[in-house]
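Letters A, B, ... mirror the listed sequences (proteins, then strands); counts begin at 1. Model, not experiment: these values are computed from the prediction.
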Protein chains: 2
Amino acid sequence: MTIRLLLADDQALVRGALAALLGLEPDLEVVAEVGSGDEVVEAALTHRPDVCLLDVEMPGLDGLGAAAALRDRVPTTKVLMVTTFGRPGYLRRALQAGAAGFVVKDTPAARLADAVRRVHQGLRVVDPALATDSLLAGESPLTPRETDVLRAARDGASVATIARRLVLSEGTVRNHLSSAIGKTAAGNRAEAVLTAEQNGWL
Amino acid sequence: MTIRLLLADDQALVRGALAALLGLEPDLEVVAEVGSGDEVVEAALTHRPDVCLLDVEMPGLDGLGAAAALRDRVPTTKVLMVTTFGRPGYLRRALQAGAAGFVVKDTPAARLADAVRRVHQGLRVVDPALATDSLLAGESPLTPRETDVLRAARDGASVATIARRLVLSEGTVRNHLSSAIGKTAAGNRAEAVLTAEQNGWL
DNA sequence: ACCTCGCCGTGACAGGTGTCACGGGTCCGC
DNA sequence: GCGGACCCGTGACACCTGTCACGGCGAGGT
(Lines give C-alpha, C1' and ligand atoms only; values in the text may rest on other atoms or scores of the structure.)
Protein backbone atom coordinates (compact mmCIF):
# COMPACT_ATOMS: atom_id res chain seq x y z
CA MET A 1 0.00 0.00 0.00
CA THR A 2 1.68 3.16 -1.22
CA ILE A 3 1.32 6.54 0.44
CA ARG A 4 -0.29 9.07 -1.90
CA LEU A 5 1.28 12.56 -1.82
CA LEU A 6 0.23 16.06 -2.80
CA LEU A 7 2.96 18.70 -3.22
CA ALA A 8 2.36 22.44 -2.85
CA ASP A 9 5.24 24.84 -3.47
CA ASP A 10 5.33 27.99 -5.56
CA GLN A 11 8.80 27.32 -6.93
CA ALA A 12 8.32 24.89 -9.79
CA LEU A 13 11.90 23.73 -9.70
CA VAL A 14 11.97 22.61 -6.07
CA ARG A 15 8.46 21.21 -6.46
CA GLY A 16 9.59 19.01 -9.29
CA ALA A 17 12.80 18.17 -7.49
CA LEU A 18 10.92 17.11 -4.37
CA ALA A 19 8.67 14.98 -6.54
CA ALA A 20 11.71 13.29 -8.02
CA LEU A 21 13.25 12.76 -4.59
CA LEU A 22 10.12 11.25 -3.06
CA GLY A 23 9.33 9.29 -6.20
CA LEU A 24 12.50 7.28 -5.65
CA GLU A 25 10.96 5.71 -2.55
CA PRO A 26 9.01 2.60 -3.48
CA ASP A 27 6.27 3.17 -0.89
CA LEU A 28 5.60 6.79 -1.87
CA GLU A 29 3.72 8.15 -4.87
CA VAL A 30 3.24 11.78 -5.85
CA VAL A 31 -0.28 12.01 -7.23
CA ALA A 32 -0.52 15.79 -7.71
CA GLU A 33 1.45 19.05 -7.63
CA VAL A 34 0.15 22.60 -7.25
CA GLY A 35 1.88 25.98 -7.26
CA SER A 36 -0.30 28.00 -4.92
CA GLY A 37 -2.27 27.57 -1.72
CA ASP A 38 -5.58 28.30 -3.44
CA GLU A 39 -5.42 25.10 -5.48
CA VAL A 40 -4.63 22.81 -2.55
CA VAL A 41 -8.15 21.94 -1.40
CA GLU A 42 -9.42 21.34 -4.91
CA ALA A 43 -6.51 19.07 -5.76
CA ALA A 44 -6.92 17.21 -2.46
CA LEU A 45 -10.62 16.60 -3.17
CA THR A 46 -9.98 15.14 -6.60
CA HIS A 47 -6.84 13.11 -5.87
CA ARG A 48 -7.47 12.14 -2.24
CA PRO A 49 -3.84 12.10 -1.06
CA ASP A 50 -2.80 10.57 2.24
CA VAL A 51 -0.25 13.26 3.03
CA CYS A 52 0.10 16.82 1.77
CA LEU A 53 3.42 18.68 1.75
CA LEU A 54 2.86 22.44 2.09
CA ASP A 55 5.33 25.29 1.76
CA VAL A 56 4.55 28.16 4.13
CA GLU A 57 5.59 30.93 1.76
CA MET A 58 3.28 30.95 -1.21
CA PRO A 59 1.42 33.58 -3.23
CA GLY A 60 -2.30 33.85 -2.59
CA LEU A 61 -3.36 31.61 0.27
CA ASP A 62 -0.20 30.66 2.17
CA GLY A 63 0.65 27.29 3.60
CA LEU A 64 -0.80 28.07 7.02
CA GLY A 65 -4.15 29.02 5.53
CA ALA A 66 -4.08 26.02 3.22
CA ALA A 67 -3.44 23.73 6.21
CA ALA A 68 -6.45 25.17 8.02
CA ALA A 69 -8.60 24.77 4.91
CA LEU A 70 -7.51 21.16 4.53
CA ARG A 71 -8.29 20.38 8.16
CA ASP A 72 -11.83 21.67 7.65
CA ARG A 73 -12.61 20.35 4.17
CA VAL A 74 -10.43 17.24 3.74
CA PRO A 75 -9.61 16.05 7.27
CA THR A 76 -8.44 12.64 6.08
CA THR A 77 -5.24 14.02 4.55
CA LYS A 78 -2.41 14.73 6.98
CA VAL A 79 -0.39 17.90 6.53
CA LEU A 80 3.41 18.13 6.62
CA MET A 81 4.71 21.71 6.46
CA VAL A 82 7.98 22.29 4.62
CA THR A 83 9.49 25.75 4.86
CA THR A 84 12.67 27.67 4.22
CA PHE A 85 12.47 29.83 7.33
CA GLY A 86 12.47 28.27 10.77
CA ARG A 87 10.45 31.05 12.34
CA PRO A 88 9.17 30.04 15.76
CA GLY A 89 5.74 31.56 15.16
CA TYR A 90 5.31 29.55 11.98
CA LEU A 91 5.63 26.30 13.87
CA ARG A 92 3.05 27.31 16.44
CA ARG A 93 0.62 28.58 13.87
CA ALA A 94 1.10 25.50 11.69
CA LEU A 95 0.29 23.18 14.58
CA GLN A 96 -2.72 25.30 15.48
CA ALA A 97 -3.84 25.02 11.85
CA GLY A 98 -3.84 21.26 12.17
CA ALA A 99 -0.47 20.39 10.67
CA ALA A 100 0.92 17.04 11.79
CA GLY A 101 4.55 17.83 10.99
CA PHE A 102 6.94 20.70 10.44
CA VAL A 103 10.24 20.40 8.58
CA VAL A 104 12.70 23.12 7.56
CA LYS A 105 14.49 22.89 4.23
CA ASP A 106 17.86 22.59 5.98
CA THR A 107 17.15 19.02 7.05
CA PRO A 108 18.95 16.29 5.09
CA ALA A 109 16.99 14.97 2.15
CA ALA A 110 17.07 11.42 3.41
CA ARG A 111 14.97 12.33 6.40
CA LEU A 112 12.08 13.77 4.42
CA ALA A 113 10.72 10.39 3.37
CA ASP A 114 10.81 9.27 7.00
CA ALA A 115 8.94 12.38 8.04
CA VAL A 116 6.26 11.61 5.47
CA ARG A 117 5.90 8.04 6.73
CA ARG A 118 5.65 9.13 10.34
CA VAL A 119 3.04 11.72 9.56
CA HIS A 120 1.10 9.09 7.65
CA GLN A 121 1.21 6.83 10.72
CA GLY A 122 -0.42 9.58 12.74
CA LEU A 123 2.74 10.71 14.53
CA ARG A 124 3.86 14.30 15.03
CA VAL A 125 7.10 15.33 13.33
CA VAL A 126 8.80 18.47 14.59
CA ASP A 127 12.36 19.69 14.24
CA PRO A 128 13.61 19.48 17.85
CA ALA A 129 15.85 22.56 17.64
CA LEU A 130 12.99 24.57 16.29
CA ALA A 131 10.63 23.34 19.00
CA THR A 132 12.83 24.78 21.75
CA ASP A 133 13.08 28.07 19.88
CA SER A 134 9.34 28.13 19.62
CA LEU A 135 8.89 27.66 23.34
CA LEU A 136 11.56 30.25 24.04
CA ALA A 137 10.13 32.88 21.76
CA GLY A 138 6.60 32.46 23.04
CA GLU A 139 3.42 33.63 21.43
CA SER A 140 3.17 36.96 19.70
CA PRO A 141 2.83 39.78 22.25
CA LEU A 142 1.30 42.04 19.61
CA THR A 143 -2.37 42.91 19.58
CA PRO A 144 -4.22 42.37 16.27
CA ARG A 145 -4.15 46.06 15.50
CA GLU A 146 -0.46 46.40 16.26
CA THR A 147 0.15 43.51 13.90
CA ASP A 148 -1.84 45.28 11.18
CA VAL A 149 0.12 48.46 11.60
CA LEU A 150 3.47 46.65 11.53
CA ARG A 151 2.39 44.74 8.45
CA ALA A 152 1.46 47.99 6.74
CA ALA A 153 4.84 49.42 7.72
CA ARG A 154 6.80 46.59 6.09
CA ASP A 155 7.41 48.42 2.83
CA GLY A 156 8.73 51.52 4.57
CA ALA A 157 5.51 53.48 4.36
CA SER A 158 5.21 56.73 6.30
CA VAL A 159 2.81 57.23 9.20
CA ALA A 160 0.50 59.21 6.93
CA THR A 161 0.40 56.39 4.36
CA ILE A 162 -0.30 53.74 7.00
CA ALA A 163 -3.06 55.89 8.45
CA ARG A 164 -4.64 56.23 5.02
CA ARG A 165 -4.35 52.52 4.32
CA LEU A 166 -5.95 51.45 7.60
CA VAL A 167 -8.34 54.41 7.77
CA LEU A 168 -6.96 55.62 11.07
CA SER A 169 -5.77 58.82 12.63
CA GLU A 170 -2.06 59.47 12.36
CA GLY A 171 -1.85 59.75 16.12
CA THR A 172 -3.38 56.30 16.56
CA VAL A 173 -0.92 54.81 14.11
CA ARG A 174 1.94 56.38 16.02
CA ASN A 175 0.59 54.98 19.27
CA HIS A 176 0.26 51.46 17.91
CA LEU A 177 3.73 51.71 16.42
CA SER A 178 5.19 52.95 19.65
CA SER A 179 3.59 50.10 21.55
CA ALA A 180 4.85 47.53 19.04
CA ILE A 181 8.34 49.01 19.19
CA GLY A 182 8.30 48.67 22.95
CA LYS A 183 7.07 45.07 22.89
CA THR A 184 9.69 43.98 20.37
CA ALA A 185 12.46 45.69 22.35
CA ALA A 186 13.34 47.68 19.23
CA GLY A 187 14.47 51.27 19.05
CA ASN A 188 12.87 51.85 15.76
CA ARG A 189 10.00 51.04 13.44
CA ALA A 190 12.18 49.16 10.95
CA GLU A 191 13.79 47.11 13.71
CA ALA A 192 10.38 46.23 15.09
CA VAL A 193 9.26 45.01 11.66
CA LEU A 194 12.41 42.93 11.36
CA THR A 195 12.18 41.14 14.70
CA ALA A 196 8.45 40.61 14.33
CA GLU A 197 9.06 39.06 10.92
CA GLN A 198 11.87 36.84 12.21
CA ASN A 199 9.59 35.47 14.91
CA GLY A 200 6.79 34.81 12.46
CA TRP A 201 4.43 37.31 14.08
CA LEU A 202 3.33 38.94 10.85
CA MET B 1 29.90 10.40 -21.94
CA THR B 2 28.02 11.64 -18.90
CA ILE B 3 28.05 15.22 -17.67
CA ARG B 4 29.53 15.47 -14.17
CA LEU B 5 27.69 17.87 -11.83
CA LEU B 6 28.50 19.75 -8.63
CA LEU B 7 25.58 21.10 -6.57
CA ALA B 8 25.87 24.05 -4.18
CA ASP B 9 22.84 25.09 -2.14
CA ASP B 10 22.57 25.84 1.55
CA GLN B 11 19.20 24.13 1.94
CA ALA B 12 19.98 20.44 2.27
CA LEU B 13 16.49 19.42 1.27
CA VAL B 14 16.40 21.17 -2.09
CA ARG B 15 20.01 20.18 -2.69
CA GLY B 16 19.12 16.55 -2.26
CA ALA B 17 15.95 16.97 -4.24
CA LEU B 18 17.81 18.56 -7.14
CA ALA B 19 20.30 15.71 -7.03
CA ALA B 20 17.44 13.22 -7.26
CA LEU B 21 15.84 15.15 -10.11
CA LEU B 22 19.02 15.41 -12.16
CA GLY B 23 20.06 11.86 -11.28
CA LEU B 24 17.03 10.60 -13.18
CA GLU B 25 18.60 11.79 -16.44
CA PRO B 26 20.81 9.08 -17.92
CA ASP B 27 23.41 11.51 -19.25
CA LEU B 28 23.84 13.43 -15.98
CA GLU B 29 25.69 12.43 -12.85
CA VAL B 30 25.92 14.35 -9.57
CA VAL B 31 29.45 13.82 -8.33
CA ALA B 32 29.42 16.17 -5.32
CA GLU B 33 27.19 18.38 -3.15
CA VAL B 34 28.19 21.23 -0.87
CA GLY B 35 26.20 23.48 1.45
CA SER B 36 28.16 26.73 1.28
CA GLY B 37 30.06 28.82 -1.22
CA ASP B 38 33.34 28.38 0.62
CA GLU B 39 33.50 24.67 -0.19
CA VAL B 40 32.81 25.06 -3.90
CA VAL B 41 36.35 25.53 -5.20
CA GLU B 42 37.77 22.72 -3.10
CA ALA B 43 35.07 20.31 -4.20
CA ALA B 44 35.53 21.35 -7.82
CA LEU B 45 39.26 20.72 -7.62
CA THR B 46 38.86 17.21 -6.24
CA HIS B 47 35.87 16.07 -8.30
CA ARG B 48 36.48 17.97 -11.54
CA PRO B 49 32.81 18.47 -12.53
CA ASP B 50 31.80 19.64 -16.00
CA VAL B 51 29.02 21.90 -14.73
CA CYS B 52 28.44 23.51 -11.34
CA LEU B 53 24.97 24.56 -10.12
CA LEU B 54 25.23 27.49 -7.70
CA ASP B 55 22.56 29.07 -5.55
CA VAL B 56 23.02 32.84 -5.18
CA GLU B 57 21.83 33.06 -1.58
CA MET B 58 24.23 31.16 0.62
CA PRO B 59 25.94 31.73 3.96
CA GLY B 60 29.61 32.68 3.81
CA LEU B 61 30.76 33.16 0.23
CA ASP B 62 27.62 33.59 -1.87
CA GLY B 63 27.00 32.15 -5.31
CA LEU B 64 28.30 35.22 -7.12
CA GLY B 65 31.58 35.11 -5.28
CA ALA B 66 31.83 31.36 -5.76
CA ALA B 67 31.29 31.79 -9.51
CA ALA B 68 34.12 34.31 -9.69
CA ALA B 69 36.38 32.01 -7.68
CA LEU B 70 35.59 29.11 -9.99
CA ARG B 71 36.32 31.17 -13.09
CA ASP B 72 39.76 31.99 -11.70
CA ARG B 73 40.75 28.67 -10.15
CA VAL B 74 38.84 26.01 -12.10
CA PRO B 75 38.01 27.59 -15.46
CA THR B 76 37.14 24.24 -17.06
CA THR B 77 33.89 23.91 -15.10
CA LYS B 78 30.94 25.89 -16.43
CA VAL B 79 28.69 27.66 -13.94
CA LEU B 80 24.88 27.60 -13.97
CA MET B 81 23.31 29.91 -11.39
CA VAL B 82 20.06 28.78 -9.77
CA THR B 83 18.29 31.27 -7.57
CA THR B 84 14.98 31.95 -5.85
CA PHE B 85 14.91 35.66 -6.54
CA GLY B 86 14.93 36.98 -10.08
CA ARG B 87 16.68 40.20 -9.19
CA PRO B 88 17.95 41.99 -12.29
CA GLY B 89 21.26 42.90 -10.67
CA TYR B 90 21.94 39.28 -9.80
CA LEU B 91 21.82 38.29 -13.44
CA ARG B 92 24.24 41.00 -14.47
CA ARG B 93 26.64 40.28 -11.68
CA ALA B 94 26.46 36.55 -12.31
CA LEU B 95 27.36 36.99 -15.97
CA GLN B 96 30.17 39.35 -15.02
CA ALA B 97 31.43 36.69 -12.61
CA GLY B 98 31.69 34.26 -15.48
CA ALA B 99 28.46 32.31 -15.14
CA ALA B 100 27.28 30.65 -18.33
CA GLY B 101 23.63 30.37 -17.33
CA PHE B 102 21.04 31.82 -15.00
CA VAL B 103 17.83 30.06 -13.98
CA VAL B 104 15.20 31.07 -11.42
CA LYS B 105 13.54 28.44 -9.27
CA ASP B 106 10.15 29.18 -10.83
CA THR B 107 11.09 27.47 -14.08
CA PRO B 108 9.57 24.03 -14.67
CA ALA B 109 11.72 21.19 -13.44
CA ALA B 110 11.88 19.55 -16.84
CA ARG B 111 13.81 22.46 -18.27
CA LEU B 112 16.64 22.30 -15.75
CA ALA B 113 18.30 19.29 -17.33
CA ASP B 114 18.18 21.03 -20.72
CA ALA B 115 19.78 24.10 -19.21
CA VAL B 116 22.58 21.96 -17.83
CA ARG B 117 23.18 20.35 -21.22
CA ARG B 118 23.24 23.69 -23.04
CA VAL B 119 25.66 25.16 -20.56
CA HIS B 120 27.86 22.11 -20.99
CA GLN B 121 27.83 22.67 -24.74
CA GLY B 122 29.17 26.16 -24.21
CA LEU B 123 25.90 27.99 -24.79
CA ARG B 124 24.48 30.78 -22.67
CA VAL B 125 21.22 30.05 -20.83
CA VAL B 126 19.25 33.02 -19.56
CA ASP B 127 15.61 33.37 -18.57
CA PRO B 128 14.26 35.65 -21.32
CA ALA B 129 11.80 37.52 -19.09
CA LEU B 130 14.55 38.22 -16.62
CA ALA B 131 16.91 39.41 -19.33
CA THR B 132 14.54 42.18 -20.37
CA ASP B 133 14.07 43.20 -16.75
CA SER B 134 17.80 43.35 -16.39
CA LEU B 135 18.19 45.64 -19.36
CA LEU B 136 15.31 47.77 -18.16
CA ALA B 137 16.59 48.16 -14.62
CA GLY B 138 20.09 49.01 -15.72
CA GLU B 139 23.21 48.98 -13.64
CA SER B 140 23.24 50.16 -10.06
CA PRO B 141 23.27 53.96 -9.90
CA LEU B 142 24.67 53.87 -6.37
CA THR B 143 28.26 54.77 -5.61
CA PRO B 144 30.25 52.24 -3.55
CA ARG B 145 29.89 54.31 -0.42
CA GLU B 146 26.17 54.79 -0.84
CA THR B 147 25.86 51.04 -1.20
CA ASP B 148 27.77 50.56 2.04
CA VAL B 149 25.51 52.94 3.89
CA LEU B 150 22.35 51.31 2.54
CA ARG B 151 23.68 47.90 3.45
CA ALA B 152 24.36 49.10 6.98
CA ALA B 153 20.84 50.49 7.15
CA ARG B 154 19.22 47.17 6.25
CA ASP B 155 18.56 46.13 9.84
CA GLY B 156 16.89 49.41 10.71
CA ALA B 157 19.90 50.98 12.34
CA SER B 158 19.82 54.68 13.21
CA VAL B 159 22.07 57.26 11.59
CA ALA B 160 24.25 57.31 14.69
CA THR B 161 24.69 53.53 14.58
CA ILE B 162 25.56 53.53 10.89
CA ALA B 163 28.07 56.32 11.46
CA ARG B 164 29.71 54.32 14.23
CA ARG B 165 29.80 51.16 12.13
CA LEU B 166 31.40 52.83 9.11
CA VAL B 167 33.48 55.28 11.15
CA LEU B 168 31.89 58.31 9.55
CA SER B 169 30.36 61.57 10.63
CA GLU B 170 26.61 61.50 11.11
CA GLY B 171 26.26 64.30 8.60
CA THR B 172 28.09 62.29 5.95
CA VAL B 173 25.85 59.31 6.55
CA ARG B 174 22.81 61.51 6.16
CA ASN B 175 24.18 62.91 2.92
CA HIS B 176 24.87 59.47 1.46
CA LEU B 177 21.44 58.30 2.54
CA SER B 178 19.77 61.32 1.04
CA SER B 179 21.59 60.75 -2.22
CA ALA B 180 20.65 57.08 -2.28
CA ILE B 181 17.02 57.90 -1.51
CA GLY B 182 16.99 60.29 -4.44
CA LYS B 183 18.55 57.81 -6.86
CA THR B 184 16.12 55.04 -5.93
CA ALA B 185 13.16 57.39 -6.25
CA ALA B 186 12.19 56.52 -2.69
CA GLY B 187 10.67 58.83 -0.09
CA ASN B 188 12.35 57.10 2.72
CA ARG B 189 15.35 55.19 3.96
CA ALA B 190 13.44 51.93 4.35
CA GLU B 191 11.96 52.24 0.88
CA ALA B 192 15.38 52.89 -0.58
CA VAL B 193 16.74 49.73 1.07
CA LEU B 194 13.79 47.76 -0.31
CA THR B 195 14.08 48.84 -3.93
CA ALA B 196 17.85 48.52 -3.88
CA GLU B 197 17.49 44.99 -2.55
CA GLN B 198 14.85 44.07 -5.13
CA ASN B 199 17.15 45.18 -7.93
CA GLY B 200 20.07 43.24 -6.53
CA TRP B 201 22.14 46.33 -5.85
CA LEU B 202 23.19 45.36 -2.34
C1' DA C 1 46.26 72.84 -16.03
C1' DC C 2 41.53 72.05 -15.87
C1' DC C 3 37.22 69.84 -15.00
C1' DT C 4 34.57 66.15 -13.19
C1' DC C 5 33.31 62.85 -9.89
C1' DG C 6 33.33 60.62 -5.66
C1' DC C 7 34.23 61.11 -0.74
C1' DC C 8 34.04 63.50 3.83
C1' DG C 9 32.66 67.05 6.63
C1' DT C 10 29.85 71.28 8.64
C1' DG C 11 25.78 73.96 9.61
C1' DA C 12 21.03 74.92 9.43
C1' DC C 13 16.24 74.02 8.59
C1' DA C 14 11.41 71.79 7.90
C1' DG C 15 9.16 67.94 8.59
C1' DG C 16 8.66 63.22 10.22
C1' DT C 17 8.95 60.16 14.19
C1' DG C 18 8.65 58.21 18.90
C1' DT C 19 6.98 59.02 23.55
C1' DC C 20 3.86 60.43 27.00
C1' DA C 21 -0.43 61.79 29.31
C1' DC C 22 -4.93 61.96 28.73
C1' DG C 23 -9.86 60.92 27.39
C1' DG C 24 -13.58 58.06 25.55
C1' DG C 25 -15.44 53.80 23.66
C1' DT C 26 -16.42 48.51 23.44
C1' DC C 27 -16.19 43.84 25.06
C1' DC C 28 -15.20 40.10 28.28
C1' DG C 29 -14.53 37.75 32.76
C1' DC C 30 -14.65 37.77 37.81
C1' DG D 1 -21.28 46.04 38.69
C1' DC D 2 -16.44 46.65 38.00
C1' DG D 3 -11.81 46.13 36.65
C1' DG D 4 -9.09 45.01 32.73
C1' DA D 5 -7.84 44.18 27.87
C1' DC D 6 -8.01 46.45 23.41
C1' DC D 7 -9.31 50.07 20.32
C1' DC D 8 -9.34 55.06 18.67
C1' DG D 9 -8.39 59.71 19.18
C1' DT D 10 -6.05 64.39 20.76
C1' DG D 11 -2.29 67.34 22.00
C1' DA D 12 2.31 68.38 23.14
C1' DC D 13 7.15 67.57 23.36
C1' DA D 14 12.07 66.02 22.31
C1' DC D 15 14.39 63.85 19.00
C1' DC D 16 15.61 61.87 14.59
C1' DT D 17 15.63 62.39 9.50
C1' DG D 18 15.91 64.19 5.02
C1' DT D 19 17.35 68.14 2.36
C1' DC D 20 20.12 71.91 0.99
C1' DA D 21 24.18 74.88 0.50
C1' DC D 22 28.76 74.99 1.14
C1' DG D 23 33.75 73.75 1.48
C1' DG D 24 37.90 70.77 1.00
C1' DC D 25 40.34 66.60 -0.56
C1' DG D 26 42.17 63.06 -3.91
C1' DA D 27 41.88 60.34 -8.37
C1' DG D 28 41.14 60.17 -13.21
C1' DG D 29 40.26 62.04 -17.87
C1' DT D 30 40.92 65.81 -21.63
Side-chain angles (χ1 to χ4, degrees), chain A residues 89 92-93 96 137-202, chain B residues 89 92-93 96 137-202:
Chain A
R92 176 192 333 279
R93 286 200 274 167
Q96 283 173 351
E139 199 144 358
S140 170
L142 303 173
T143 70
R145 219 47 176 154
E146 286 163 1
T147 312
D148 289 342
V149 174
L150 266 196
R151 237 195 296 262
R154 266 196 288 198
D155 57 356
S158 67
V159 171
T161 311
I162 300 174
R164 239 177 293 119
R165 276 212 269 251
L166 301 183
V167 200
L168 284 179
S169 160
E170 297 194 12
T172 305
V173 171
R174 284 217 297 273
N175 284 337
H176 282 309
L177 275 177
S178 180
S179 170
I181 291 172
K183 287 179 181 176
T184 53
N188 198 319
R189 182 189 331 191
E191 265 187 272
V193 170
L194 231 66
T195 67
E197 236 168 9
Q198 284 170 354
N199 289 54
W201 293 340
L202 297 189
Chain B
R92 174 192 336 278
R93 286 200 273 168
Q96 284 173 352
E139 199 144 358
S140 170
L142 303 172
T143 71
R145 220 43 178 155
E146 286 162 2
T147 312
D148 289 342
V149 175
L150 266 196
R151 239 195 295 261
R154 265 196 290 198
D155 57 355
S158 67
V159 171
T161 311
I162 300 174
R164 238 177 295 120
R165 277 213 268 252
L166 301 184
V167 199
L168 284 179
S169 160
E170 297 193 12
T172 306
V173 171
R174 285 215 297 274
N175 283 337
H176 283 309
L177 275 177
S178 181
S179 169
I181 291 173
K183 288 179 181 176
T184 53
N188 200 320
R189 181 191 330 192
E191 266 187 88
V193 169
L194 232 65
T195 67
E197 236 169 10
Q198 284 170 353
N199 289 43
W201 293 341
L202 297 189

Legend entry - NE2 on A/H176 to CD1 on A/I162, rounded to 0.5 Å: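 Here the interatomic distance stands at 11.5 Å.
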Legend entry - Euclidean distance, B/L150 CG relative to B/W201 CH2, rounded to 0.5 Å: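 CG of B/L150 is found 10.0 Å from CH2 of B/W201.
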Inset, instruction - Compare all side-chain heavy atoms of A/N188 with those of A/I181 and state whether any distance is below 4.5 angstrom. - result: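 No - every pair of side-chain heavy atoms lies 4.5 Å or more apart.
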Inset, instruction - Could you walk me through whether B/V159 and B/R189 pass the side chain to side chain contact (heavy atoms under 4.5 Å, CB included) test, one step at a time? - result: CA-CA 10 Å; B/V159 171; B/R189 181 191 330 192; 3.7 Å; yes
Quickly work out the [X] [atom1] to [N] [atom2] distance and round it to whole Å.
{"X": "A/L142", "N": "D/dA5", "atom1": "CG", "atom2": "P", "answer": "16 Å"}
{"X": "B/K183", "N": "D/dG18", "atom1": "NZ", "atom2": "P", "answer": "16 Å"}
{"X": "A/H176", "N": "D/dC6", "atom1": "NE2", "atom2": "C1'", "answer": "8 Å"}
{"X": "B/I162", "N": "C/dC8", "atom1": "CD1", "atom2": "P", "answer": "14 Å"}
{"X": "A/R145", "N": "D/dG9", "atom1": "CZ", "atom2": "C1'", "answer": "13 Å"}
{"X": "A/L166", "N": "D/dC6", "atom1": "CG", "atom2": "P", "answer": "18 Å"}

Inset, instruction - Take the C1' atoms of the five end pairs on each side of the helix from C/dA1-D/dT30 to C/dC30-D/dG1, get both axes, and report the angle to 10 degrees. - result: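 Roughly 30° between the end axes, to the nearest 10°.
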Legend entry - Which atom of B/P141 lies closest to which atom of B/K183, heavy atoms considered: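 Reported closest heavy-atom pair: O-NZ, 3.2 Å.
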Inset, instruction - Please name the residue in the list B/V149, B/T161, B/D148 that meets the side chain to side chain contact (heavy atoms under 4.5 Å, CB included) test with B/V173. - result: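 Output: one option passes, namely B/V149.
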Inset, instruction - Go along nucleotides 9-25 of chain C 5' to 3' and tag each nucleotide: B for a protein heavy atom under 4.0 Å from its base, S when only backbone or sugar atoms are that close, - otherwise. - result: BB-B----BBBBB----
Inset, instruction - May I have the step-by-step check of side chain to side chain contact (heavy atoms under 4.5 Å, CB included) for B/R145 and B/T172, ending in yes or no? - result: CA-CA 10 Å; B/R145 220 43 178 155; B/T172 306; over 6 Å; no
Inset, instruction - Could I get the full list of side-chain hydrogen bond (donor to acceptor under 3.5 Å, both in side chains) partners for B/S179, not counting sequence neighbours? - result: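 B/S179 satisfies side-chain hydrogen bond (donor to acceptor under 3.5 Å, both in side chains) with B/E146 once adjacent residues are dropped.
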